[in-house]
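Worksheet for the structure shown next.
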Amino acid sequence: MSPLVLFLLTMIPGTILLGFYDVHTKKLLQKGIGEQTLVGVGFSGAGLIFLVALFFFGIPDTAPGFWSTFFFASILTVLGQFAWYRAFNYGTVSFIAPLRVLTPLIIIFTGSLFLGEVPSQNGLVGIALTVSGLLLLLGAQGGSFFASLKESLQSSGFLWGMLAVLAFSISFPLDKKAILASSTLFYSTCLYGVTGITSLLIAFLLNREKTREGLSTLWQNRRVVLVWILFLVTGGFLVNHALNFTLAVYAASVKRLQALWSVLLSGAFLKEGHTLRKSLATLIMLIGVIMTIVFG
């Protein structure tokens, strides 16, 4: 089976599952749970499931440089996930989720820096088209295009989302480097576990009472939380494993399909408005993604 087919068979289902994960994240945040607490519980739970699987598959040998790469990727993931959850708290899923489309632009530089990967000219055209779709989406939040675009760019959700995108753009090629130096399962176990535990410790240090209240709310909604964690585990593993089969910048572009699923699912489950205009904008992003795969 060709690397392209393996890549699509892992990345596309993974992005769909992560789209459901986005919708569930918004629902849990609407219950007043702190972002750091939610990150901690979600990633700790995912890390625990990965750890159980690791007992069956065994711990692989790690190549030189794995632990230093993992260390920096973990710091960026803790920062990025907190900022991303904070962005979801301030904005709708259909507004925040597509900000991920900006990631490939930055990964062009970070992928070259850390992995020596250089995309082709056609690949760059596809990425540019994807970002054009994002601009259309930012102008589709309601009212006139330019007024909506201006309001979107000045919103707290956008600013927190951009901070998360910056962190993810740097960590994404580091994720690939660490996976190639070990295995998808081992790296996912380490990354998710450390991210979850660190986030919970920070949450308790910043506001112990609010963290306890958040944990109590999560326990009361434990069935929903379990489904949410399973979406994170399965979707996260599949998109991480897809990094074995293509360049980091192309993988990041296709992973932006998660934004499309998130927009569609938010309209269906969260009743967020302007679904038609947002869907048109995400369709343009999808065309850019297809160009990146086929012609990149």
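Position 1 is the first residue of the sequence; numbering continues from there.
Every residue was checked against the ring pair (Phe, Tyr, Trp, His ring centres under 6.0 Å) condition with Tyr187, not counting sequence neighbours, and none meets it. Under the side-chain hydrogen bond (donor to acceptor under 3.5 Å, both in side chains) criterion, Gln81 pairs with no residue at all, not counting sequence neighbours. Not counting sequence neighbours, the partners of Thr184 by the side-chain hydrogen bond (donor to acceptor under 3.5 Å, both in side chains) test are His241, Asn244. Under the ring pair (Phe, Tyr, Trp, His ring centres under 6.0 Å) criterion, Phe158 pairs with no residue at all, not counting sequence neighbours.
Taken from CG in Leu79 to OG in Ser74, the straight-line distance is 12.5 Å, to the nearest 0.5 Å. From Leu215, atom CG reaches atom CD of Glu213 across 10.5 Å, with rounding to the nearest 0.5 Å. Here the CE atom belonging to Met11 is positioned 9.5 Å from the CG atom belonging to Leu18, to the nearest 0.5 angstrom. In this structure, the separation between CG on Asn240 and CD1 on Ile179 is 4.5 Å, given to the nearest 0.5 Å.
Under the ring-ring contact (aromatic ring centres under 6.0 Å, His included) criterion, no residue pair touches residues 202-226, with sequence neighbours excluded. Here side chain to side chain donor-acceptor pair (under 3.5 Å) pairs that include residues 11-25, with residues two or more places apart or in two chains, are Thr15-Trp261, Tyr21-Tyr85, Asp22-Arg100, Asp22-Gln258, Asp22-Ser262, Thr25-Trp228.
Nearest heavy-atom pair, Ser266 versus Val23, reported as atom, atom and distance to 0.1 Å: N-CG2, 4.0 Å. In terms of heavy-atom proximity, Thr37 sits nearest to Ala203 at OG1-CB, 3.7 Å. Of all non-hydrogen atoms in Ala242 and Thr10, the two that sit nearest each other are CB-OG1, 3.3 Å.
At a threshold of 4.5 Å between non-hydrogen side-chain atoms, the residues Phe186 and Thr62 count as touching. Side-chain contact check for Leu28 versus Thr217: every heavy-atom pair is 4.5 Å or farther apart. In this structure, Ser44 and Leu200 have side chains that are in contact, with non-hydrogen atoms separated by less than 4.5 Å. For the pair Phe95 and Ser155, the minimum side-chain heavy-atom distance is below 4.5 Å. By the 4.5 Å heavy-atom criterion applied to side chains, Trp84 and Leu99 are counted as neighbours. In this structure, Ile33 and Val41 have side chains that are not in contact, with every pair of non-hydrogen atoms separated by 4.5 Å or more. Using a 4.5 Å heavy-atom threshold, the side chains of Lys27 and Val224 count as separate. Between Val194 and Phe70 there is a side-chain heavy-atom pair separated by less than 4.5 Å.
For Arg222, the CZ atom sits in a packed shell: over 12 heavy atoms of surrounding residues, nucleotides or ligands are nearer than 6.0 Å.
Below 30°, between 30° and 60°, or above 60°: for Tyr192 and Phe50 the angle between ring planes is above 60°, a perpendicular geometry.
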